[in-house]
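Just so we're on the same page: letters track the sequence lines, and every chain starts at 1.
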Amino acid sequence: MTTNLMLLAFERPAIDWHAVAPEIVLLSVGVLITLLDILFLEKARPYMAALSGLGILATAIPLLTLGIDGTERVLFDGAYVVDDFSLVLKAIFLLAGYVVILLSTNYIVDGDYWESEYYGLLLASLMGMIMMASSRDLISVFVALELLSIPAYLMVAWRKRDPKSNEAGLKYYLMGVFASAVMLYGMSLLFGVSGTTVLSGIADSIDAGNGSSSVMTLGIVFVIAGFAFKVSAVPFHTWAPDVYEGAPTPVTAFLSVASKAAGFVALLALIFVGFYELSNIWEPLIWILSALSMTVGNLVALRQTNVVRLMAYSGIAQTGFMIAPLAVAGKSLATGDQALSAIITYLAIYAAMNLGAFAVIITFARRTGSAEIDSFAGAFHFAPGLTVAMTIFLFSLAGIPPLGGWFAKFEVFRVLATSGETWGYLLAVIAAINSVIALFYYATIARKMWADDPSESDLNTIEITPSLISALAICVLVTLLFGIFPQLVARFTEVSLLAFGV
Amino acid sequence: MDNLLDSWGLTVATFSPLVGALVMFLIPKEKEYEHKIIALITSLWVAFVGLMLLIWFDLDATEKLQYVVDKSWIDAIHSRYVVGLDGISLPLLLLTVLIVPLCIVYSWNHFPDPKNPKTFLILILVLETGMIGTFVAQDMVLFFVFFEVVLLPMFFMIAVWGGPNRKYASLKFFLYTLFGSALMLVSFLSLFFLTGAESFVFSEIADNVVANAVSRTAQLWIFGGMFLGFGIKVPMFPFHTWLPDAHTEAPTVGSVILAAVLLKLGTYGFVRIAIPLLPDAAVEWAPWIGLLAVIGIIYGAFCCLAQTDMKRLIAFSSVAHMGFVMLGISTLTDFGINAAIMGMVAHGLITGMLFFLAGSMKERYHTLEINRLGGLLVQAPKMGWVLGFCAMASLGLPGLAGFWGEFPAILSAYNPANGLPVETFRTFMVVAALGTVLAAGYLLWLLQRSAFGTPKEEFADDPNIHDATRTEWIAWAPLLALILAIGIYPNLVFRATDAAVDASLTPCLTIDADELTHEEIESAHCSDVYGLGDHGSDHHAVSKG
């Protein structure tokens, strides 16, 4: 009896401290910020933004050493993995987080909102994201998801004096919790059939013949639907426009890039490591989600007059593009790897161009106080530099060479058109038509900025704060460089999950 | 020199304008004079590089790619930075490097509203990079990128500096072209996949199409995608509707570049990519292309007759002229495609010139309403004569460049390539010939209404209306001289193109079928081509017997 108890007693699993170093650094900075806030109250406020920015840069250091080291590290019986895939995504998250902090700096000060708490929550959410990149277990996926979502619910409602922001926060929270519940139910079904929560274990169980079980199918459908909420794919997209509009714009930028990317990461890990063999279930599902998201997102975006809502719908359409490669990923291992690289490439480029677009929107909103598209009219006359930057981001989003977005779209087309499947070709054609529809609204904004007369009489030049300039510079640079030398991004995104999973 | 040119010539020609644009970007926009000088020097430098490329070009081996550079670019997708120049690209490259400095000179003192020479000139230079790049790219992805690079500057040129309806026209232009090129990209990618090629380089893909026997259906679909991409750019009937709007609204220089070079990107795509890479599918599509081409000729001509705006008339004449070019291409013969390239160059020179004239007249009369014009020969005799000269060239008067584009294209339809329905093409020939009569009709009528007679009352004593200025002459003289020179000695162009065109076609299309044995046909992978038309199947039977 005693020996049995001894065996059951908790034994700390071996931890590879190097592998979790980024998480630990980020966590320490988050805790530090909270502590400083408690200790120094108001006096600490002005330094919070800079401190959290530095914290993110510090987190990048162990990430670099891990990248240079290059070995794949498996922790906790395969529940937590540090490999090239996760490192690349962590890097994307950190960069996006850094830019969001740059975007937030003046916004939060000017609005007289709580600062220390804001940055603490932002870092916590970021923490969830970089954990998500390594999670290979239903439970760690779920924990990471909640860790990144709950701070985001709060941040959405940060403009607490504005009913719109409160509505957005509540809506996002209810929808998010609902999605989590659906997903959790799906996960419980998966666990019930396979008897394990580790994704590779689920894959083994599918190999062993449990794949044909209808409970398994139901589980997969629920889990994918749950993440479809997170990445705002049609028909699970309805929260996005309201939340994007109501949230503080830097938070919107954060949601539209980082939070969406995190949803994708989980989806990729689940599909490639867990359910890869059951492609007959998830491929058609993804195909429909992708075609619907592209088409509905783009068509509704055409009717928008508010630029943030427009970006929300364009983001939904971009989601459709991003998941498109998954619709043929089950064809062969080679196609699967290509699809994975295509999606990560897209995420990386999308992060740069979308954050850039939001940076410009935030800057304009500082002048005009509105995000109506009409307030952009004639921007070329009073803010030529910003106009050029916005033009770059918009046409990059539309996928016009030589701006970064073309390579992202190209990679998607490449996977679809080289899969050799009729469905793939069909989706490629739908995507081609959609890229034209998307161009319509992107080009309309650009045209308004260049060709229209300014609507207001005063032609004061816009004051751009240094942190916004840095954010813009980073985004423009990345967007252009990735467009002209796509190999820069492609060499990092050539990663594989299948070699590990299968 | 030779070595430097070999390894750097094309790259320098392609990216110099971009460097110039970058320098201008850093100079504040108030320094207008500096901007003009930098833009002019850049474009002249590019023209000089183009001239050097011509001088050192081996005209005895125009079928060979010269100045080839092959460097890694995007390894992840097997796309390489491969550029090269052969006899097909050479005339178009030279046309581009000639037109751009002339445009900059022309706009020297009269930038269209809202002025801002800095941005305007930067856009022209970016445009030049895109155009040159498209003509020298030898890799599908690279070609696609350059093909798209021209869209943005042209979009802004029309949207910002254009006429009253510029917003509609610019977006229409952009959307049409992007639609085509998106499907074109899908075609490129599926072709790459189906051939199993190691890279996107044209020659490699072409080899693999033959070696891996890409299925006929797939080839037809892929050609269809490319057809949309290139056909919209040309533009072919019924995808032409963006062109009159874009031309009418674009500023003068924009129209000139659009007519002189941008439309050629489409036809060049057919000659460089679609036909050499997918000869079998080309044979099946050719009659339809020919049909749309002659519809374009006749339809364009009738539209011209109905126009009341001079610029719009010239725009529709472009539809008709590009119809001749496409007819030449659709015959898939050496003769026809040579004529087509000649047609592209001639159309570039002549229509570019006509748009210059239209711009200058608009500046003087502030209208291009043909009914209000008249008596140009009285008020500005030299300009009137230039207009007459260009109208003659455009309607295909022998001795001027236009003739060598139109006449051989019509003639080539008499004897299309093996496997094409001869009767159909001969019908096309007759219809196209009727088109030249209509062309003479609308151009002479235009000349009569705008240049002959006495000036209308409202403009009779207008001091604004003066003869051509010095900057105008500098911009026009080279074009006029070339129109005449090519008209008298068409070999200037044919010398470069002939061997290259011949090499780009599969032997099956050009070799006289009666001279081949069955084995030779088999060994040249021609059986598909010969198995198609009546002509071919007859022969098949004969050679088997």
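Residues of residues 410-417 of chain A placed with any heavy atom under 4.5 Å of a heavy atom in chain B are listed by number as A:Phe410, A:Glu411, A:Phe413, A:Arg414, A:Ala417. Below 4.5 Å, heavy atoms of chain B meet no heavy atom from residues 318-331 of chain A.
Between A:Trp406 and B:Phe144, the ring planes lie tilted relative to each other; the angle falls in the 30° to 60° range.
The minimum heavy-atom distance linking A:Ala432 with B:Ala182 is given by the pair CB-CB, 3.7 Å. Across B:Leu152 and A:Leu403, no two heavy atoms sit closer than the pair CD1-CD1, 4.1 Å.
Proximity of B:Phe179 to A:Leu439: side-chain heavy atoms (C-beta onward) are nowhere separated by under 4.5 Å.
Using a 4.5 Å cut-off between heavy atoms, B:Phe174 touches chain A through backbone and side chain atoms alike. Contact annotation for A:Ser419: only backbone heavy atoms (N, CA, C, O) come within less than 4.5 Å of a heavy atom of chain B. Of the two parts of B:Phe155, only the side chain, counted from C-beta on, holds a non-hydrogen atom closer than 4.5 Å to a non-hydrogen atom of chain A. Within the 4.5 angstrom heavy-atom criterion, only side-chain atoms of B:Ser170, from C-beta onward, approach chain A. Using a 4.5 Å cut-off between heavy atoms, B:Leu191 does not touch chain A at all. Looking at B:Leu185, the atoms closer than 4.5 Å to chain A (heavy atoms on both sides) all sit in the side chain, from C-beta outward. For B:Thr119, the part sitting under 4.5 Å from any heavy atom of chain A is the side chain, from C-beta outward, and nothing else.
A distance of 12.0 Å separates CZ of A:Phe440 from NZ of B:Lys172, quoted to the nearest 0.5 Å. Rounding to the nearest 0.5 angstrom, the gap separating the CG atom in A:Asp452 from the NZ atom in B:Lys167 is 3.5 Å.
Applying the salt bridge (Lys or Arg N to Asp or Glu O under 4.0 Å) test to residues at least two apart or on different chains, none of the pairs has a partner in residues 20-32 of chain B. Listed by first then second residue, pairs satisfying salt bridge (Lys or Arg N to Asp or Glu O under 4.0 Å) with a partner in residues 429-451 of chain A read A:Asp374-A:Lys448, not counting sequence neighbours.
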Step by step, would you call A:Phe485 with B:Ile74 a side-chain contact (heavy atoms from CB on, under 4.5 Å)?
CA-CA 7 Å; A:Phe485 304 108; B:Ile74 320 176; over 6 Å; no
Give the C-alpha distance, both sets of side-chain angles, the deciding distance and a yes or no for side-chain contact (heavy atoms from CB on, under 4.5 Å) between A:Phe395 and B:Leu151.
CA-CA 11 Å; A:Phe395 286 108; B:Leu151 289 182; over 6 Å; no
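For the set B:Val160, B:Leu175, B:Val149, the count of heavy-atom pairs under 4.5 angstrom toward chain A peaks at B:Leu175. Interface summary for chain A: among B:Ile77, B:Leu183, B:Val186, the most heavy-atom pairs under 4.5 angstrom belong to B:Ile77.
Judged by distance alone, with hydrogens and angles left aside, the side-chain atoms of B:Trp73 form a donor-acceptor pair with the main-chain N or O of A:Ile484 at under 3.5 Å. Remark: the backbone N or O of A:Ile400 is not paired with any side-chain donor or acceptor of B:Glu148 at under 3.5 angstrom.
Here B:Phe193 and A:Tyr425 keep their ring centres 6.0 angstrom or further from each other.
More than 12 heavy atoms of other residues, nucleotides or ligands sit less than 6.0 Å from atom CZ of B:Phe15. Within a 6.0 Å sphere centred on CD of A:Glu372, other residues, nucleotides and ligands contribute more than 12 heavy atoms.
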